[in-house]
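Naming: A, B, ... by sequence-line order, numbering from 1 per chain.
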Amino acid sequence: QKEVEQDPGPLSVPEGAIVSLNCTYSNSAFQYFMWYRQYSRKGPELLMYTYSSGNKEDGRFTAQVDKSSKYISLFIRDSQPSDSATYLCAMNEIQGAQKLVFGQGTRLTINP
Amino acid sequence: DVKVTQSSRYLVKRTGEKVFLECVQDMDHENMFWYRQDPGLGLRLIYFSYDVKMKEKGDIPEGYSVSREKKERFSLILESASTNQTSMYLCASSLGPGQGAIRSGNTIYFGEGSWLTVV
């Protein structure tokens with residue numbers, strides 16, 4: 001079993017829809033949780049990061065962490081065609097190596 | 001803004017050639033990484049460096065080596081390229097523990113990627 005599981009999609013929704021992207025994980029020591037966005041033929045760019053459980057909002061994006069369920073989500077409100085990209089979740093522990101563990105990435109397409 | 005620059009975006013090499021992928025970061029980060037990204041397999045860590053001349057194997061180091069002679073530069077070397085090394089290679093950097101990494105959640109910053117085709 002992988003440490004981090006992410007549905008690879010592809011996921012296709014109409015413009016304006018609310019999008020929910022999710023990851024589950026098995027390592028209870030994970031404390032920091034990140035979402036990266038990757039456009040085609042580009043490197044991933046950090047979208048949001050959160051620490052421990054709870055919600056964090058940034059514009060149309062909300063990151064949610066439920067440590068009791070080992071489940072994280074990224075919500076996109078009023079989705080736009082420019083949101084079409086691959087979204088990767090990533091996480092790591094406070095202590096230990098500086099390496100992130102990544103999900104496979106979900107390919108999202110927003111249709112005009 | 002953090003800038004991680006990969007000098008070669010697209011390369012085509014022959015089987016058996018020695019290949020160098022260069023990466024430079026401009027934020028004085030202690031940590032640097034090389035990943036490869038393949039469809040269906042996600043991002044896989046090849047090597048990690050936490051200081052000049054220091055390196056640590058990642059999940060898939062076989063067939064690769066690295067060099068970090070200066071803090072800002074981290075090179076990935078394919079000693080004898082093979083067709084199964086055709087992939088997108090991503091360099092990344094992050095703050096180290098002594099640089100306040102924990103406050104930033106150990107956030108990693110990526111370069112644009114290098115697309116390598118081995119024929």
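One hydrophobic cluster, built from ILVMFWY side chains closer than 4.5 Å, holds both A/Phe30 and A/Leu74. Criterion: ILVMFWY side-chain heavy atoms under 4.5 Å apart, direct or through other members. Under it, A/Leu47 and A/Val4 are part of a common hydrophobic cluster. Hydrophobic clustering places B/Phe110 together with B/Trp115 (ILVMFWY residues linked when any side-chain heavy atoms are closer than 4.5 Å, directly or through intermediates). No continuous path of hydrophobic side-chain contacts links B/Leu90 to B/Tyr64 [ILVMFWY only; heavy atoms under 4.5 Å]. Taking hydrophobic clusters as Ile, Leu, Val, Met, Phe, Trp and Tyr residues chained together by side-chain heavy-atom distances below 4.5 Å, B/Leu76 does not share a cluster with B/Phe48.
Side-chain contact check for B/Gln37 versus A/Thr86: every heavy-atom pair is 4.5 Å or farther apart.
Using a 4.5 Å cut-off between heavy atoms, A/Arg107 does not touch chain B at all. In this structure, chain A has no heavy atom under 4.5 Å from any part of B/Gln6. In this structure, chain A has no heavy atom under 4.5 Å from any part of B/Arg44. For A/Gln38, the part sitting under 4.5 Å from any heavy atom of chain B is the side chain, from C-beta outward, and nothing else. Looking at B/Tyr10, the atoms closer than 4.5 Å to chain A (heavy atoms on both sides) all sit in the side chain, from C-beta outward.
One finds the CZ atom of A/Phe102 at 4.5 Å from the OH atom of B/Tyr35 (value rounded to the nearest 0.5 Å).
The minimum heavy-atom distance linking A/Pro44 with B/Leu43 is given by the pair CG-CD1, 4.5 Å. Residues B/Leu41 and A/Gln104 approach most closely at N-NE2, 3.9 Å, considering heavy atoms.
In terms of non-hydrogen atom pairs under 4.5 Å with chain B, the most contact-rich of A/Lys42, A/Arg41, A/Glu45 is A/Arg41.
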